[in-house]
Visitor: 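First the structure, which I've put down as structure tokens, then a few questions once you've had a look.
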Amino acid sequence: MKKGDDRQDKKIKQDRFPTSLFAIYLCVLLLMSGIHIGLIVFMGTVQWNSVVQSVIPILYWALIALGLTLYAKQKMRTVYEEPMHKLAEATTKVAQGDFSVYVPTIHTADKLDYLDVMILDFNKMVEELGSIETIKTDFVSNVSHEMKTPIAIIKNYAELLQMDGVTEEQRREYAASIENAALRLSNLITNILKLNKLENQKLMPEMTTYDVCRQLCECILQFEEAWDEKEIELETQIEDRAMVRADANLLELVWNNLLSNAIKFTQPGGTVAVSQTSDEKYVRVSVSDTGCGISKKSINHIFDKFYQGDTSHSKEGNGLGLALVKRVLELMDGDIQVSSKEEEGSTFTVTLPIALTDVDGE
């Protein structure tokens, strides 16, 4: 359970000067007043000099006033000034780019007040800012690395093309390598732009109701050449009709990415299976392969941007496909789960809400 949820279950003090403190002040003042009256009676009984009888009460109340003032000042310093100074210093460090700042709370977790809550929220904010900064740094680093590779390939093969004595066959081979590198670079930039628009909600889905079974079949047919080339056996179990309400173009990205990955990670002669089922609430689509599988360490990061668990296939992608899939499904109120065993294969299961109405425009 998160800290914020824990706080909601506890009663947060809304007053830094509780009633008990005011009661102490009142009792002390009443006690001092009683002592003052006792002094007056005592001085009258012993018949002290009138000057002394005037000076002693003045000195007495001056000491009391001084004591109360010093106590109030010390209380203000510990209750307000010191915490606010720490918070101000921490804010200055954060403004200068230091996200390792942590401000301790004044009270323990079972005695939190509103200033403690403000400090906890500040610490949470700094933690989130630090995470965002780390993600941004990693993103820039990964983009630079991903762009550097195809650019280097283009440069190297362009230099080879300019050399004397290059045969026609070599020229075509080098040109094909340049074309593939340029295509990879183009796909990388396209995926970055799409992911950026999706994450910043600049690319809003155009929701329509349509038959996802027909879309699945069309996407599968697009990969016919790829599975024939690797002699992969394709198994399908798809219903005649299942209606979903989604953005067809964005959802096509999901099926293409999952199918492309399944074929990419399946060894020649292996099997890729696509199954689709539905019930009263959901449509489920599973894409399985008999490839290398995903390690337990990698499976928690496969939807992270630029993450590639199997680096042997890194030249075939840029690690953005599954990040795009995850974000698209979030926009469609869908979900994706993965199960995998190393050397046995993986299964990605997409769940989408079933549409309650018929096809738009039909």
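Residue indices begin at 1 and follow the sequence shown.
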Visitor: Do K264 and D289 sit within salt-bridge range, that is, some charged N less than 4.0 Å from a carboxylate O?
Guide: no
Visitor: With a 3.5 Å distance limit and no angle check, can you tell me whether D247 reaches the backbone of E206 through a side-chain donor-acceptor pair?
Guide: yes
Visitor: Cut-off 3.5 Å, no hydrogens considered: what does the side-chain donor-acceptor table look like for residues 88-98, sequence neighbours left out?
Guide:
{"unit_1": "T91", "atom_1": "OG1", "unit_2": "L87", "atom_2": "O", "d": "2.7"}
{"unit_1": "T92", "atom_1": "OG1", "unit_2": "A88", "atom_2": "O", "d": "3.0"}
{"unit_1": "D98", "atom_1": "OD1", "unit_2": "S100", "atom_2": "N", "d": "3.0"}
{"unit_1": "D98", "atom_1": "OD1", "unit_2": "S100", "atom_2": "OG", "d": "2.6"}

Visitor: Is the side chain of K230 donor-acceptor paired with the backbone N or O of T266 at a distance under 3.5 Å, no angle test?
Guide: yes
Visitor: Side-chain contact test, heavy atoms from C-beta onward, threshold under 4.5 Å: evaluate it for Y174 versus N156 and give yes or no.
Guide: no
Visitor: Indicate whether the side chain of T209 and that of R245 have a donor and an acceptor atom separated by less than 3.5 Å.
Guide: yes
Visitor: Residues in side chain to side chain donor-acceptor pair (under 3.5 Å) with W227, at least two apart?
Guide: none
Visitor: Is it true that atom CZ of F122 has more than 12 heavy atoms of other residues, nucleotides or ligands lying nearer than 6.0 Å?
Guide: yes
Visitor: Taking Q215 for its side chain and A248 for its backbone only, find out whether a donor-acceptor pair lies under 3.5 Å.
Guide: yes
Visitor: Taking side chain as C-beta onward, heavy atoms only, is L329 less than 4.5 Å from L352?
Guide: yes
Visitor: Indicate yes or no: does E82 engage K86 in a salt bridge with an N to O separation below 4.0 Å.
Guide: no
Visitor: Look up atom CG in D211 and atom CG in D240, then write down how far apart they are to the nearest 0.5 Å.
Guide: 9.0 Å
Visitor: For Q237, does the CD atom sit with more than 12 other heavy atoms under 6.0 Å from it, leaving out its own atoms?
Guide: no
Visitor: Checking side-chain hydrogen bond (donor to acceptor under 3.5 Å, both in side chains) for the pair S286/T349: CA distance, chi angles, key distance, verdict?
Guide: CA-CA 4 Å; S286 295; T349 302; 3.1 Å; yes
Visitor: Is any side-chain heavy atom of I238 less than 4.5 Å from a side-chain heavy atom of C217?
Guide: yes
Visitor: Relative to the ring of F42, is the ring of W48 parallel (under 30°), tilted (30 to 60°) or perpendicular (over 60°)?
Guide: perpendicular
Visitor: How long is the gap from OG1 on T105 to CG on L120, to the nearest 0.5 Å?
Guide: 6.0 Å
Visitor: Has E231 got more than 12 heavy atoms of other residues, nucleotides or ligands less than 6.0 Å from its CD?
Guide: no
Visitor: Assess the residue pair E235 and T271 against the criterion (side-chain hydrogen bond (donor to acceptor under 3.5 Å, both in side chains)); give the C-alpha distance rounded to whole Å, side-chain angles, the decisive distance to 0.1 Å, and a yes or no.
Guide: CA-CA 7 Å; E235 298 177 355; T271 302; 4.9 Å; no
Visitor: Side-chain donor-acceptor pair under 3.5 Å between S278 and E239, yes or no?
Guide: yes
